[in-house]
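Below is one structure, written out as structure tokens, with a few remarks after it.
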Number of protein chains: 2
Amino acid sequence: MATPFHNPSCHHCKDRFSSIFCKAEQCNLDQIADAKVCSVYRKGQVIFHEGAYPFGVYCVNDGKIKLSHSGDDGREQIIRLVKAGDIMGYKALLSNERYTATATALEDSSICFIPKDLFLNILQKDASLSFEMMRILSSELRKAELKITHLAQKPVRERLAETLLFIKETYGLEEDGHTLSVRLSREEIANLVGTATESAIRLLSEFKKDGMIELEGKKIRLLDMDEIIRTANLQD
Amino acid sequence: MATPFHNPSCHHCKDRFSSIFCKAEQCNLDQIADAKVCSVYRKGQVIFHEGAYPFGVYCVNDGKIKLSHSGDDGREQIIRLVKAGDIMGYKALLSNERYTATATALEDSSICFIPKDLFLNILQKDASLSFEMMRILSSELRKAELKITHLAQKPVRERLAETLLFIKETYGLEEDGHTLSVRLSREEIANLVGTATESAIRLLSEFKKDGMIELEGKKIRLLDMDEIIRTANLQD
DNA sequence: ATTCCCCCTTGACGCATATCATTGCCGCCC
DNA sequence: GGGCGGCAATGATATGCGTCAAGGGGGAAT
């Protein structure tokens, strides 16, 4: 896949900035609006790559992205699912290190790039933006630590159910109120759960047999939410 | 560093605050020095408890603390090891939620408490302190995500070796240059690795048989660092 | 339509690791 | 000293889950 193409008329940015940047002061927002560059990435395209040096931060206008580590043996572990309004790439920027994850578009996505210097600069001046940034980081950290506990203590079956709920929380459902509105390969689901692809497939089949879900290609319909929640065995 | 603190009840604070608060402006440091309250916690005492509401942030002057989640089935997962100079409890404070982890002293520890309002207030005013806070959060997040990948992909043996190295990095060695300077029960080691206590014991015995380490009660001596590193199989 | 290729699916197998149970060790208290 | 309780160590056993292998189906390109 080639380079993403520049999208000069990116009207949606301003709205999409709501989640984080709405906290910023107006003058800073304007600066960002001037400096940002919007592009469209096709499904499967890489936005940034593990090991590379960051030159800025990315804000998703529209689309769905996965952030993943590539483990030692080449297997990938999906760390985070990114949706419209989220930013990504800030971790490497703030700690001034290389990217620890690769960002790949799960579907065609419109993404803004904000240069490093500008972002850090505004962060220095704008207390409420900084604070929002800290809130986001804290929340991500909380989720990560919970995931650690679950990976260490829960069987794959529970984690898979939990993952289905997580995907639903993140990307929501289609109009029918049942179908997950993102198409992931079985391998991606497994890499999200932290298990082998075959195990994920087998358990999905079981879930289907038990009437919890319906499968149709990459479409996954959540039928019996109560049972899924029960299977996930969430306490916290 | 100079002596920004003059709280007579806590002589050591000034040195230990270096790691984060040295980034703060002097006037803010003074305010913190006035407001903070220092206490000594005995080994095994709980500093704060999962589920409780935070009223401030803790800064460790001296001692060693473990932060742990209590999993659904009661098993604990150790999330972080805290050492002198570190702060803890900030996550819950920043995201304005209850503590997600319990802090327990691994040995007698001297700990300062900084009230919530003051901390948040200063964070609003002091850009470089905020920035340092973001750096810490980013770094913790990076570590947490790495741990997720390893939990999902590496066998217990590698994770145990990695954990030994991690303990060494965190708390260092005793004067002999080999003995880990913290005493953890086998169960705590297992809860750090994310495995059953018996598995941890068995593998420690293997490591000993292979000449990598020496065991004497809770003392663990790292003999063959190269081999331990090799066993940990680190890539990143 | 046919071919190819990728992904999904299912089965068989074996290992790593959890679990259960027992024993031994050491320090502590009465 | 004797018993007691917590922790460490080790063995026996069970099983969840990863890995290997083979088959099947559907979409895209030609």
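Chain naming here is simple, since letters A, B, ... match the order of the sequence lines and numbering starts at 1 in each.
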Taking the side chain of [X] as its heavy atoms from C-beta onward, which of [options] lies nearest to it?
X	options	value
B:V156	C:dT17, D:dA9, C:dC7	C:dT17
B:A196	C:dC8, C:dT19, D:dC17	C:dT19
B:I201	D:dT10, C:dC8, D:dC17	D:dT10

Checklist entry - Is a donor on one side and an acceptor on the other found under 3.5 Å between the side chain of B:R142 and the backbone of A:T100? => result no
Reckon [X] touches a base, only the sugar-phosphate, or nothing at all at heavy-atom distances under 4.0 Å?
X	value
B:S205	sugar-phosphate
B:K208	nothing
A:R75	sugar-phosphate

Item to check | From A:N61, A:V37, A:V60, residue fulfilling side-chain contact (heavy atoms from CB on, under 4.5 Å) relative to A:C112 | outcome: A:N61
Next on the checklist: Quick check: any donor-acceptor pair below 3.5 Å linking the side-chain of A:R202 to the base of C:dG11?
Outcome noted: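 Counting by modelled atom types and ignoring angles, a donor-acceptor contact under 3.5 Å is found here.
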Checklist entry - Looking at C:dC8, does its base get a donor-acceptor pair with the side chain of A:E198 below 3.5 Å? => result no
Checklist entry - Within the structure, does a side-chain N or O atom of A:S185 lie under 4.0 Å from either OP1 or OP2 of C:dC7? => result no
Checklist outcome for this item: When rounded to whole Å, the CD to C1' distance for the pair B:E216 and D:dA8 reads 14 Å
Checklist entry - Whole-Å distance between D:dC7 C1' and B:K219 NZ? => result 18 Å
Checklist entry - With the threshold set at 4.0 Å, does a side-chain nitrogen-carboxylate oxygen contact exist between A:K209 and A:E206? => result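 The answer is no: the pair does not qualify as a salt bridge.
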Checklist entry - Is the CD atom of A:E107 crowded by more than 12 outside heavy atoms at less than 6.0 Å? => result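 Enclosed: over 12 neighbouring heavy atoms sit under 6.0 Å from CD of A:E107.
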